[in-house]
Each structure stands twice: as C-alpha cells, then as structure tokens.
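Just so it is clear, the structure is predicted and the values come from calculations on it, not from any experiment. Whatever order the structure lists ligands and atoms in, that order sets their numbers, starting from 1.
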Amino acid sequence: MEYFEYRNGTLVAEDVTVSKIVDEIGTPFYCYSATTIENHFLDLKNALAGLPATICYAIKANSNIAVIKTLADMGAGADVVSSGELTRALKAGIPAKKIVFSGVGKTSEELAHALKEDILQINIESEPELNELNKIASAMNKKIEVALRINPDIDANTHDKISTGRSEDKFGIEWTRIKDVISLAQKLDNVKIVGLAMHIGSQLTKLDPFREAFIRLETLVKELRLEGYEISRLDLGGGLGISYDGLPTPTPAEYGKIVKAVFKSLNCDLIFEPGRFIVGNSGILVTQVIYVKQGATRRFLILDAAMNDLMRPCLYDAKHSIVSLKEPKDGDNLERVDVVGPVCETGDTFATEIDLPATVSGDFLAIRSAGAYGAVMSSTYNSRSLIPEVMVKGNNFSVIRQRITPEIMINYENFPEWYT
Ligand SMILES: *Cc1c(COP(=O)(O)O)cnc(C)c1O
C-alpha cells in the first residue's frame with residue numbers, strides 16, 4: 001500500500017497535498033511517505049514471522065537519517081557499506097548489535113570503525129580482507145563475528161549493472177572455495193566465522209533466482225556442517241524487486257514462503273538486507289515543467305529535475321511512471337511526449353514516447369517510485385543544487401534535508417595560493 005493518491009483532483013502524500021509543499025519550498029524535491037516505509041517494513045516482517053529473522057535495512061537505498069530513524073523505531077537493523085553509512089545508522093538510533101557491514105572494498109579505517117563500534121557482523125568478501133580484519137582486530141584487542149559472502153554463480157536476471165551473484169561479478173567468494181577460506185579463518189584468532197552471506201542482485205522481479213541461490217547456500221551449509229564447521233547465521237541479502245510500471249512483482253509472502261521451505265530446518269539465525277523493497281515506492285520526485293518544446297519529430301516536456309537528481313533512468317534504463325499533480329480526467333486529451341531534464345546530456349531523459357494528459361509549462365509532475373537509489377545517487381553535475389528531501393506523516397510534513405546550493409559548494413573551493 002502506497003500513500004500517494006488523488007484526492008479532490010490533486011495528488012496527496014498521506015494527508016498532505018503535494019502542491020502545498022511545492023508552494024512552501026519550490027521544486028524539485030523528493031517526498032517520502034513515512035507510513036508507506038513503515039508498511040513495507042511490516043509486510044516483510046510479517047512474511048518472515050516464525051523465522052529467527054533480523055531485517056537489516058540496506059541503508060544505501062536511502063540514507064537520509066529521518067528515513068533510517070523511521071525504520072530504527074520499527075525495530076530494524078541496518079546493512080551498511082561504508083563508514084559514512086555506519087555513522088548515519090548509529091546517529092539514527094540503530095543499535096550497533098543490529099548492524100552488518102557489507103561491501104567488496106572496506107578500507108582499514110572502515111574496518112577499524114566497525115570494530116570500535118562493536119557492530120554485529122562483518123561480511124567478508126575475500127581472503128585479503130579477512131587477513132586485514134584479523135590484523136586490525138588483533139591490534140585493537142577485539143574479536144568480531146564474521147560471515148563469508150559467497151558468490152553462488154547465479155544469474156539474478158536483472159539489469160547488468162545491478163547483478164552481483166555471477167562468477168564474473170566482483171562480489172563474494174566463489175562458493176566452491178568457501179571451505180578453503182573457512183579453514184583459513186579458523187587459524188585466525190580475532191575473527192569468528194558464524195555463517196555465510198549472499199546477495200545476488202537488486203530489483204529481482206522473479207523468485208526463481210532466489211530459490212536457486214538459496215538452495216545452493218543450503219547445500220553448502222549442510223556440507224560444511226558435515227565437516228564439523230559451525231554455521232549458525234545466514235545473511236540472505238536484499239534484492240526483492242518493486243513495480244515501477246504497475247506490473248505485478250513477487251510479494252513478500254511468496255518470498256517468505258521460499259525462505260521457509262529452504263531454510264526452516266537448518267536452524268540458523270537469518271538476516272535480510274532489503275533496501276529498495278522498503279523505500280522504493282515510498283518516495284516521489286516532484287518537479288515542474290519549465291518548457292514544452294515541439295521538436296522536429298518529438299514533443300519534449302523539459303523539467304526542472306534532471307539526471308543529476310535521479311540517475312536511474314540514465315544509469316539503468318529505468319522506466320519510472322510519471323504522473324501529474326492534477327488528477328487526470330476521463331476524456332483528457334493525451335499527448336505523446338518525451339520527458340527530459342535540462343542537463344546537457346541526451347541521457348538526461350526520464351521517459352520517451354509516453355502518453356500524458358496535455359501539459360503546459362508551469363505544470364507540476366511527480367516521478368514515482370523514486371524513494372530508493374534516488375537522492376542517494378544524486379550529484380551536482382552542471383552545478384545544480386542537491387535538492388531538498390521532505391518526509392510526510394499523516395497531515396504533517398517536514399524538510400529532512402535542505403537544499404544544498406552551488407553557493408554552499410563553492411565555499412569549499414578556492415584558488416591556488418599562487419594565483420594572487
Ligand atoms: C545493495 C545491497 C542490498 C540492498 O539491495 P536492494 O535491491 O535495495 O534490496 C543488500 N545487500 C547488499 C550487500 C547490497 O549491496
């Protein structure tokens with residue numbers, strides 16, 4: 001359930017009229033619905049009920065501290081992939097003992113930060129990383145629980161750039177070599193292998209790759225146990241896809257059923273790292289049409305939002321649904337348009353040849369499903385601002401990140417001292 005709908009002819013986020021936010025802060029901006037975030041978390045939690053499961057929200061999907069706090073207050077843990085995300089998770093109130101640290105290239109400083117904060121678990125992706133962690137932990141006189149991230153060599157059938165579980169991808173340790181790495185780890189005094197981790201990709205819209213990868217993991221656990229290794233915790237990663245276009249996607253209940261079928265009898269603690277599923281459809285990007293331009297063969301709606309604000313269409317060929325803040329009416333005259341931003345790149349295109357009710361300059365649009373991998377990936381390309389983020393709850397709204405303007409950024413630049 002998503003709390004963006006038309007009421008009295010205009011788009012509302014929960015009980016707040018979106019155009020009211022436009023009047024107060026101007027466009028473009030991200031708008032998140034806290035209740036939608038909570039509901040998606042609960043959907044997943046309910047689907048996993050009966051399992052010893054911890055849901056560690058993958059902060060990289062949307063790392064605004066207000067978003068993290070919304071989930072912390074629901075009892076979520078966090079999956080972090082950098083020191084910066086660890087700082088955010090702690091600041092937003094996630095207990096250290098519910099934080100796991102993933103990522104293929106954690107630096108010594110990042111490993112030390114995780115050790116200092118006594119987080120739950122570090123997911124290790126290579127032998128050099130394992131040795132480095134042991135060295136740092138030893139110097140700090142600590143012992144940390146570790147899961148080895150396996151690369152199961154399963155194709156998640158998602159976009160190439162967000163597929164992470166094939167043998168040619170940089171992530172994890174080949175599943176066929178896990179035994180060797182575990183036996184290496186057992187010789188190290190300052191790491192304790194508690195289990196295995198896996199994350200095969202993002203925006204999975206079919207369950208089969210999950211099932212296949214889970215079965216591979218289960219087989220591996222059984223083999224390792226036969227050889228006397230204790231495996232008590234499994235981190236199953238994230239990846240559950242959402243609908244960007246209204247077409248059905250797997251439900252958390254279907255996903256939960258597969259998890260139960262495969263893992264119930266193993267008696268392992270389970271960790272899940274959902275990102276997109278929780279926040280993706282909880283956010284919209286609100287933007288104004290600057291110009292309507294009739295080109296030689298296409299009609300362009302030129303927005304004040306651009307690829308620097310929302311990279312996904314350019315980066316992943318993502319198709320986000322785009323709607324007007326004014327409710328469309330039966331019998332509206334539809335126009336076929338390309339929806340583009342003002343940045344000097346042809347890739348700055350949100351949609352091509354879509355049908356929208358006739359739009360004029362000054363109208364407002366919402367780009368839907370922009371809550372995940374939206375604001376977090378934005379840049380200041382073309383010296384544009386980092387745009388505000390707003391959170392709505394019931395009939396309240398609050399700016400949870402102010403606009404960061406070029407003036408602010410220029411303050412961090414200077415001429416070399418030899419230019420007088
Ligand atoms: C990105 C990532 C996730 C979250 O993926 P979603 O598709 O947003 O659920 C979880 N775990 C790891 C290790 C990741 O890199």
Side-chain angles (χ1 to χ4, degrees), residues 37 40-41 43-44 47-48 53-63 67-68 71 76-82 84-86 89 98-106 110 114 119-126 129 146-152 154 156-166 169-173 195-207 209-210 213-214 217 234-244 249-252 255-256 259 270-283 311-312 315-316 318 369-377:
I37 294 172
H40 289 168
F41 177 81
D43 284 348
L44 193 60
L48 301 169
T54 306
I55 299 177
C56 292
Y57 166 60
I59 281 184
K60 75 173 193 278
N62 186 322
S63 58
V67 171
I68 303 172
L71 289 159
D79 169 45
V80 303
V81 294
S82 71
E85 286 190 354
L86 176 54
K98 283 190 182 174
I99 297 179
V100 300
F101 200 146
S102 304
V104 71
K106 301 173 212 71
E110 287 178 319
I119 68 167
L120 175 67
Q121 165 181 315
I122 296 186
N123 292 349
I124 287 293
E125 301 216 12
S126 66
E129 188 188 31
V146 156
L148 297 179
R149 175 166 175 183
I150 74 161
N151 181 321
I154 301 281
N157 273 313
T158 183
H159 191 276
D160 208 40
K161 291 199 172 94
I162 46 176
S163 195
T164 57
R166 304 165 300 187
D169 297 323
K170 70 180 173 185
F171 299 95
I173 300 165
L196 303 175
M198 189 168 79
H199 171 73
I200 60 172
S202 197
Q203 184 53 15
L204 272 73
T205 52
K206 294 275 178 317
L207 290 167
F210 281 125
F214 289 170
L217 184 63
L234 297 175
D235 180 339
L236 302 182
L240 196 55
I242 61 165
S243 181
Y244 283 94
T249 45
T251 63
Y255 173 84
V259 172
L270 298 176
I271 292 176
F272 296 86
E273 303 172 344
R276 188 191 313 267
F277 175 77
I278 291 180
V279 289
N281 281 328
S282 309
M311 283 283 282
R312 299 194 68 264
L315 198 56
Y316 309 125
S369 314
Y373 307 105
V376 284
M377 290 185 121

So if I count the atoms of ligand 1 from 1 in the order they appear, which ones are less than 4.0 Å from some heavy atom of [X]?
{"X": "E273", "answer": "3 (C), 4 (C), 9 (O), 10 (C), 11 (N), 12 (C), 13 (C)"}
{"X": "G238", "answer": "9 (O), 10 (C)"}
{"X": "G275", "answer": "6 (P), 8 (O), 9 (O)"}
{"X": "R149", "answer": "13 (C)"}
{"X": "P274", "answer": "9 (O)"}
{"X": "R276", "answer": "6 (P), 8 (O), 9 (O)"}

Hey, is ligand 1 close enough to [X] that some N/O pair sits below 3.5 Å?
{"X": "S102", "answer": "no"}
{"X": "G239", "answer": "yes"}
{"X": "Y373", "answer": "yes"}
{"X": "G201", "answer": "no"}

Ligand 1 contact on H199 by region, counting heavy-atom pairs under 4.0 Å =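 For H199, only side-chain atoms sit under 4.0 Å from ligand 1.
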ask   = Under a 4.0 Å heavy-atom limit, does T164 contact ligand 1 with its side chain, its backbone, both, or neither?
value =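 Under 4.0 Å from ligand 1, T164 contributes no heavy atoms.
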ask   = Which atom pair, heavy atoms only, marks the closest approach of A318 to R312?
value =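 Result for this residue pair: CB-NH1, 3.2 Å.
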inquiry  = Please give me the minimum heavy-atom distance between S202 and R276, naming the atom from each residue.
reply    =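 Heavy atoms only, the tightest pair is OG-NH2, 2.8 Å.
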message = Heavy atoms only: which of G241, A58, G237, S202 lies closest to atom 4 (C) of ligand 1?
response =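 Among G241, A58, G237, S202, the closest heavy atom to atom 4 (C) of ligand 1 belongs to A58.
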query = Can you find a non-hydrogen atom of A372 under 4.0 Å from ligand 1?
reply =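 Contact absent.
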message = Tell me if a side-chain donor or acceptor on S243 pairs with a main-chain N or O of T249 at a distance below 3.5 Å.
response =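 Absent.
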message = Strictly distance-based, threshold 3.5 Å: is any side-chain N or O of S369 a donor or acceptor partner for the main-chain N or O of N281?
response =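 Judged by distance alone, no pair lies under 3.5 Å.
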ask   = If we ignore angles and hydrogens, is there a donor and acceptor under 3.5 Å between the side chains of N123 and E125?
value =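 Side-chain D/A pair, N123 to E125: absent.
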request  = Would you mind checking if K106 and E129 are paired as a salt bridge, meaning a charged N to carboxylate O distance below 4.0 Å?
outcome  =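 K106 and E129: salt-bridged.
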task = May I ask you to identify the nearest protein heavy atom to atom 15 (O) of ligand 1, giving residue, atom name and distance to one decimal place in Å?
result =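 Result: K60 NZ, 2.7 Å.
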What's the spacing between [X] [atom1] and [Y] [atom2] if we round to 0.5 Å?
{"X": "L240", "Y": "Q203", "atom1": "CG", "atom2": "CD", "value": "9.0 Å"}
{"X": "D235", "Y": "L270", "atom1": "CG", "atom2": "CG", "value": "9.5 Å"}
{"X": "L217", "Y": "L234", "atom1": "CG", "atom2": "CG", "value": "5.0 Å"}

inquiry  = In terms of relative ring orientation, are F277 and H40 parallel, tilted or perpendicular, with 30° and 60° separating the classes?
reply    =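 If you compare the ring of F277 with that of H40, the planes turn out tilted.
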